[in-house]
Amino acid sequence: MIFKDEEGELYMLSRWNPRQEFNALSDQLNRLFDETLAPARNWEGFTKFPAAELTEADDAIHLKLEVPGLEAKDIDIQVTENAVAISGERKSETKTEGKGYTRSEFQYGKFQRVIPLPTHIQNTKVTAEYTNGILNLTLPKKEEAKNKVVKVNLE
């Protein structure tokens with residue numbers, strides 16, 4: 001139904017359709033979850049950070065990072081006594097194909113991550129192993145950070 005107001009403006013009335021609004025809301029939520037579950041990216045399109053797993057033992061901290069598709073020489077690891085910084089770059093492969101269609105969901109670009117550590121470590125004694133896209137770091141704790149048990153005598 002179309003009508004004019006007092007100033008001559010045309011308006012159109014339409015019947016309210018709650019199902020249409022629900023579908024629009026559902027689409028918006030799906031887009032939000034797709035963006036949230038996708039790997040984190042900043043505005044330049046670079047991946048922000050690789051997934052990590054941190055476990056603490058009595059004498060060391062073990063850090064495992066997921067960095068598939070890289071060679072060990074492409075990963076930069078810097079360790080202070082209270083944090084680990086990992087950076088690198090996944091370089092794209094250029095393919096030229098004749099007719100046809102190619103779709104790629106691979107992610108390329110620079111990544112970096114700084115992981116604060118729960119206790120001070122001996123950064124000169126860190127060991128690293130990189131196998132099948134998994135980087136394992138063993139970060140030995142400083143002597144004063146180790147959980148020492150001392151017997152206290154009561155007088």
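The figures that follow rest on heavy atoms only: side chains count, while hydrogens, waters and symmetry mates do not.
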Quick check for you: to the nearest 0.5 Å, what is the distance between [X] atom [atom1] and [Y] atom [atom2]?
| X | Y | atom1 | atom2 | result |
| --- | --- | --- | --- | --- |
| Asn17 | Phe22 | CG | CZ | 12.5 Å |
| Thr127 | Leu139 | OG1 | CG | 7.5 Å |
| Thr124 | Glu81 | OG1 | CD | 10.5 Å |
| Glu143 | Asp59 | CD | CG | 10.0 Å |
| Arg113 | Ile86 | CZ | CD1 | 9.5 Å |

Looking only at heavy atoms, what is the nearest atom pair of [X] and [Y], with distance?
| X | Y | value |
| --- | --- | --- |
| Asn123 | Val126 | O-CG2, 3.7 Å |
| Leu63 | Ala52 | CD1-CB, 4.2 Å |
| Pro118 | Glu56 | CG-OE1, 3.7 Å |

Does any non-hydrogen side-chain atom of [Y] lie less than 4.5 Å from one of [X]?
| X | Y | value |
| --- | --- | --- |
| Leu117 | Thr80 | no |
| Lys64 | Ile134 | yes |
| Ile77 | Tyr130 | no |
| Leu65 | Val84 | no |

> Hey, does the side chain of Lys141 reach the backbone of Ala57 with a donor-acceptor pair shorter than 3.5 angstrom?
Replying inline: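 Yes: the side chain of Lys141 pairs with the backbone of Ala57.
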
